[in-house]
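What follows is a set of notes on a single structure, which appears directly below.
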Amino acid sequence: MLNIKNLHVKLEEEDKQILKGVDLEVEAGKVHAIMGPNGSGKSTLSYVLSGREGYEVTDGTVHLEGEDVLALEPEERAALGIFLAFQYPVEIPGVGNMTFLRTALNAQRKAKGEDEMSAADFLKLIRARAKDLKIDADMLKRPVNVGFSGGEKKRNEILQMAVLEPKMCILDETDSGLDVDAMKLVADGVNALRQEGRGFLVITHYQRLLDHIVPDVVHIMVDGQIVKSGGPELAQEVEKNGYADIMAEVA
Amino acid sequence: MPAIAREKLAQLKRDTTEARLAEMTLPDGAGWAAEARAAARARVRDLGLPHPRDEYWKFTRPDTLVQPEAPRAALFEAGEPHLFHDRDRLHLVFRDGVLDESASDAQALEGIEIERLGSALATDIHWTRDLYGVLEEAGQSPVPRPLAALNTAYATDGLVIRVTGTPAKPVCLTYLHADEFSDGMLHHVIRVEPDAEMTLLETGPGAARINQVMEVDVADRGRLHHVRAQGRDHERRAVTGTFARLGSESTFKSFTMTVNGVMTRNECVVTLTGDDAVAHLAGVCVGDGTDFHQDDTVFVTHDAANCESRQVFKKVLRNGATGVFQGKILVKDGAQKTDGYQISQSLLLDDDSQFQAKPELEIYADDVACSHGSTSGAIDETALFYLRSRGVPEAEATDLLVLAFLAEALQEIEDDDIAEEMVNRLSGWLERRAA
């Protein structure tokens, strides 16, 4: 589904290479996890996939179901089915959460040539999805992420994912800043979305999220490259021995 | 400034002023009205019409507002009805600054007395006498507002409204612009009696050039809600002066939306004279192009205890547009427990647009809470990316952020339904402009 080949990326502002040849294939229906020490390029990968400015792709390709992702604007990527759950969800004062979700959903439907969803149908949809994530009416009414706790922000990301129903979900450090209960709620939300035809790329520094969202494949990224791939047991190994052993092994 | 230069400037101002006054004759009126007009003309001579060297005209060129002839302003076909058109209201229509009675509702509404300015000024004994030109004159110090004095002297039409109860619907004034060279001069006087309450709506350009003064006297516990949308005609010019005096426990809320127009100067002078009075002054401005110039000049005086004032002005500027905000809070000795707030912000959508802000605080009481802030910034790129990453196209995402930026000012409108109507219009305009 998602094919990343030989991806090289540097920062636009400074001459600093971050990704140095990433190869990765996420199959539909699978959950891939990327682990790695700070500064290894994990978050950069998520930003480049979603089209954030400030990065320059110097080599390589990214395709989603055969479409050239790198040629598209962020909104086109979203319509194609790429969704990034942000590590730091953005606060937007003055824009109501509901308005935001409805605008996003209808923009994507429009881009796909579908009719806009009626206000009544949207309300039904959002109520059902919000309930599963224990998001109350007040959180839906408030401006996007403004005054939300860390846990609320992350749940709000998963709510967006549940409403927009993307094909390829990228979760960037979704566990950061969450206590155990909040993490479980978020993991449940993600697990509910696991199904045939949807791929996941879960980026995390720690193994604990992967206890709740059990991956099919685990990749270790070090210094802009994937240095090792394996099953869920690889995450356990990192938890036990840290990254040092793996880095020594591949050096 | 050296004495010779100062004398030269004074002479220049005298010449400009006399050039403007030369072609004008004072309208007829009752003895007191004729006196008020003559006194106002003397004030104009005394103050001199605005000059770019004047302290409060440094950011706004006064020439086209001062010159004898109104510059041509092409008519604008909006392609949609004026704001507030489907609202239950008492509707009065002005065309190029003159009341069009045939297009207006009868001047009758329970809870108010309403009359044309000319008729009030022709009456020997009239309540307007205590207010006409009186609040304007009081508002001339410490900052001169000569164009408002000019208006008092020569105003050709307007309404005098006495609010005695709580009318069931708002009064809505629609200002049409039908003549490319029209030069309107409107003067309204509003007196809100104790415990009375009214909503006044204004919409439309008014004329190629309009000079509009509104004198507002809100008695104890009275409430006046004022919402104004200045017309979208691209080439229209406007200078407005609002002079309000607030009694104790009274409320005056005034909101202005400016979209388009080549020159707009809105002056608002409010004095809180009774304890526990509340004044909320707010405005949004959406400007596009190098010809666009909009200026909010506000002066709030706290002259009683425990009063609250808010100034919330937001401007979105692009393609070289210019916005100006000059806002002052003066807290007089004895105006303890004053709660004063002032914020002016601009969202600059490109490097060519500019925002000039001059926030001022002058406080003589020692137990007050006053805050003020002014910012100028671009679209938040992080928020823009967040919206786009969810599938919202860039133009639509920008509009959403623009409306979000304006929201704080729009929230100052008392009636949520009216606020929503204005947001919907703004949203429609932004959408179409992008298309």
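Labels below follow one simple rule: chain letters A, B, ... track the order of the sequence lines, proteins then strands, and each chain is numbered from 1.
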Problem - Ring centroid separation B/F59 to B/F355 under 6.0 Å - result: no
Practice task
For chain B, find which of A/V90, A/T103, A/L164 contributes the most heavy-atom pairs closer than 4.5 angstrom.
Solution key: A/V90
Exercise for the section: Output yes when a side-chain donor or acceptor of B/K314 lies under 3.5 Å from a complementary backbone atom of B/F405, and no otherwise. Expected result: yes
Handout entry: Residue A/R52 versus chain B: region with a heavy atom under 4.5 Å
Key = both
Practice task
Quick one: list whatever passes ring-ring contact (aromatic ring centres under 6.0 Å, His included) with B/F313, sequence neighbours left out.
Solution key: B/F325
Handout entry: Top contributor to chain B contacts, counting heavy-atom pairs under 4.5 Å, from A/E53, A/K110, A/E73
Key = A/E73
Fill in the blank from the handout: For B/E381, the side-chain contact (heavy atoms from CB on, under 4.5 Å) test, sequence neighbours excluded, returns B/L384
Practice task
Answer with side chain, backbone, both or neither: which region of B/E394 has an atom nearer than 4.5 Å to a non-hydrogen atom of chain A?
Solution key: both
